[in-house]
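Working notes, structure below.
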Amino acid sequence: MTQPEGLFITLEGIDGAGKSSHIDALEALFRATGREVVRTREPGGTPLAETLRGLVLGEAMDPLTESLLVFAARRDHVLNVIAPALARGAVVLCDRFTDATFAYQGAGRGFDLGVLGTLEAWVQGGQNGSADVLQPALTLWFDLAPETAAERLAGARLPDRFEAQPVDFFRRVAEGYARRAGADAARFERIDADATRENVWAQVDAAVRRRGLL
Ligand code: TYD
């Protein structure tokens with residue numbers, strides 16, 4: 001049997017949109033086809049990147065420092081986990097990736113999108129001997145009104161540095177996601193997250209099948 005091509009899928013959305021709760025089912029869907037599935041997350045996914053995650057989520061810092069740390073974590077993650085897994089033909093399911101940086105640091109914190117684009121090209125460029133900038137094949141964007149997301153998050157647990165932000169911040173983050181999706185419509189699938197868990201899963205399942213990824 002020839003090795004399948006690696007498949008890189010990311011899940012995105014504002015805090016409280018409910019994306020993480022569908023990773024188990026996505027993993028099961030791909031495993032049932034006999035494929036290797038690598039589940040991971042950002043910031044994080046390697047020991048170094050998880051250490052950087054703790055800093056980004058826990059310590060006050062300026063937006064440039066924040067952006068450099070998330071991209072430093074991403075570099076380690078891409079080199080040591082994502083690119084090798086894709087080269088083996090695995091399905092990589094990643095809870096957040098660079099769209100989150102454009103949405104949170106760019107739109108949310110107001111950091112320079114041009115600088116983020118340069119960092120994206122540096123960090124994701126030149127994988128597996130290719131000159132291309134690594135991008136997900138599919139990004140499932142869980143879209144939910146910031147007010148609804150805030151209600152879902154309220155009282156759920158102790159908020160981290162992002163979850164503690166006011167709803168205005170998430171309004172900007174949501175707009176950031178919408179702009180990113182608009183600029184790369186072929187990569188994004190918008191999931192209406194203002195629905196029951198079963199309905200949201202049905203949308204995810206349909207999106208993966210529609211694209212012939214199973
Ligand atoms: P998240 O992935 O939602 O994990 P959890 O479900 O454990 O809260 O949290 C990660 C947080 O980090 C989230 O608030 C978004 C933020 N983040 C950025 O600000 N920039 C990034 O580039 C990434 C990947 C995440």
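Counting from 1, the numbers follow the sequence of the chain as shown. When reading the values below, keep in mind they use all heavy atoms of this one structure, side chains included, and skip hydrogens, waters and symmetry mates. In this text the structure is predicted, and so the values were computed from the model without any measurement.
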Let me see the working for Thr139 and Arg180 under side chain to side chain contact (heavy atoms under 4.5 Å, CB included), right down to the final yes or no. CA-CA 11 Å; Thr139 296; Arg180 214 43 198 165; over 6 Å; no
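With hydrogens and angles disregarded, no donor-acceptor distance shorter than 3.5 Å links the side chain of Glu50 to the backbone of Pro47.
When the shell of 6.0 Å around CD of Glu147 is examined, it contains more than 12 heavy atoms from other residues, nucleotides or ligands.
Contact check for Thr118 versus Val115: no side-chain heavy atoms found under the 4.5 Å cut-off. Taking 4.5 Å as the limit, some side-chain heavy atom of His77 sits within range of a side-chain heavy atom of Cys94. Residues Gln165 and Asp15 fail the side-chain proximity criterion, which asks for heavy atoms closer than 4.5 Å. Looking only at side-chain heavy atoms (C-beta outward), Val70 and Glu42 stay at 4.5 Å or farther from each other. Looking at heavy atoms from C-beta onward, Arg171 lies in side-chain contact with Asp168 at the 4.5 angstrom threshold. Contact check for Pro43 versus Leu69: no side-chain heavy atoms found under the 4.5 Å cut-off. Using a 4.5 Å heavy-atom cutoff, the side chains of Phe111 and Phe102 are not in contact. Between Gln135 and Phe8, the closest side-chain pair of non-hydrogen atoms is not below 4.5 Å.
Val167 belongs to no hydrophobic cluster with other residues, because no ILVMFWY side-chain heavy atom falls under 4.5 Å from its own, directly or through intermediates. Membership of the apolar cluster around Val204 extends to Leu7, Ile9, Leu11, Ile23, Leu26, Leu29, Phe30, Val37, Val91, Leu93, Leu138, Leu140, Phe142, Ile191, Val200, Trp201, Val208, Leu213, Leu214, as traced through chained side-chain contacts below 4.5 Å between ILVMFWY residues.
Between Arg179 and Ala107, the closest heavy-atom pair is NH2-CB, 3.8 Å. Residues Trp122 and Arg75 come closest through the heavy atom pair O-NH1, 3.4 Å. In terms of heavy-atom proximity, Glu120 sits nearest to Val133 at O-CG1, 3.9 Å. The two atoms that bring Ala49 and Gly44 nearest to each other are CB-O, 3.4 Å, heavy atoms only. Residues Ala181 and Phe188 share a closest heavy-atom pair of CA-CD1, 3.5 Å. The shortest non-hydrogen separation linking Val81 to Gly45 is CG2-O, 3.5 Å.
In this model, no donor atom of one side chain and acceptor atom of the other lie less than 3.5 Å apart for Thr196 and Asn199. Glu189 and Gln203 share no side-chain donor-acceptor pair at under 3.5 Å.
With salt bridges taken as basic N to acidic carboxylate O contacts below 4.0 Å, one links Asp24 and Arg39. Looking at Arg187 and Glu12, no side-chain N of the basic residue comes within less than 4.0 Å of a carboxylate O on the acidic one, giving no salt bridge.
Hydrophobic clustering (side-chain heavy atoms under 4.5 Å, transitive across Ile, Leu, Val, Met, Phe, Trp, Tyr) keeps Tyr104 apart from Leu113. Using a 4.5 Å cut-off between side-chain heavy atoms of Ile, Leu, Val, Met, Phe, Trp and Tyr, with links allowed through other members, Val173 and Leu57 fall into the same hydrophobic cluster. Leu48 and Leu79 are assigned to two separate hydrophobic clusters, defined by single-linkage of ILVMFWY side chains at heavy-atom distances under 4.5 Å. In this structure, Val56 is not a member of the same hydrophobic cluster as Leu68, with clusters built from ILVMFWY side-chain heavy atoms closer than 4.5 Å.
Every residue was checked against the side-chain hydrogen bond (donor to acceptor under 3.5 Å, both in side chains) condition with Arg197, not counting sequence neighbours, and none meets it. Residues satisfying the side-chain contact (heavy atoms from CB on, under 4.5 Å) test with Ala174, not counting sequence neighbours, are Ile14, Pro146. Residues forming a side-chain hydrogen bond (donor to acceptor under 3.5 Å, both in side chains) with Arg209 (at least two apart in sequence, or on another chain): Asp205. With sequence neighbours excluded, the residues forming a side-chain hydrogen bond (donor to acceptor under 3.5 Å, both in side chains) with Asn80 are Asp76, listed by chain and number.
Atoms CG and CZ, from Asp99 and Phe97 in turn, are 8.5 Å apart once rounded to the nearest 0.5 Å. To the nearest 0.5 Å, the span separating CD on Gln124 from CG on Leu134 amounts to 6.0 Å. Once rounded to the nearest 0.5 Å, the distance linking CH2 of Trp141 with NZ of Lys19 reads 14.5 Å. Interatomic distance, Phe170 CZ to Phe162 CZ, rounded to the nearest 0.5 Å: 8.5 Å.
Phe71 carries Arg74 over the face of its six-membered ring, with the cationic atom under 6.0 Å from the centre and within 45° of the normal.
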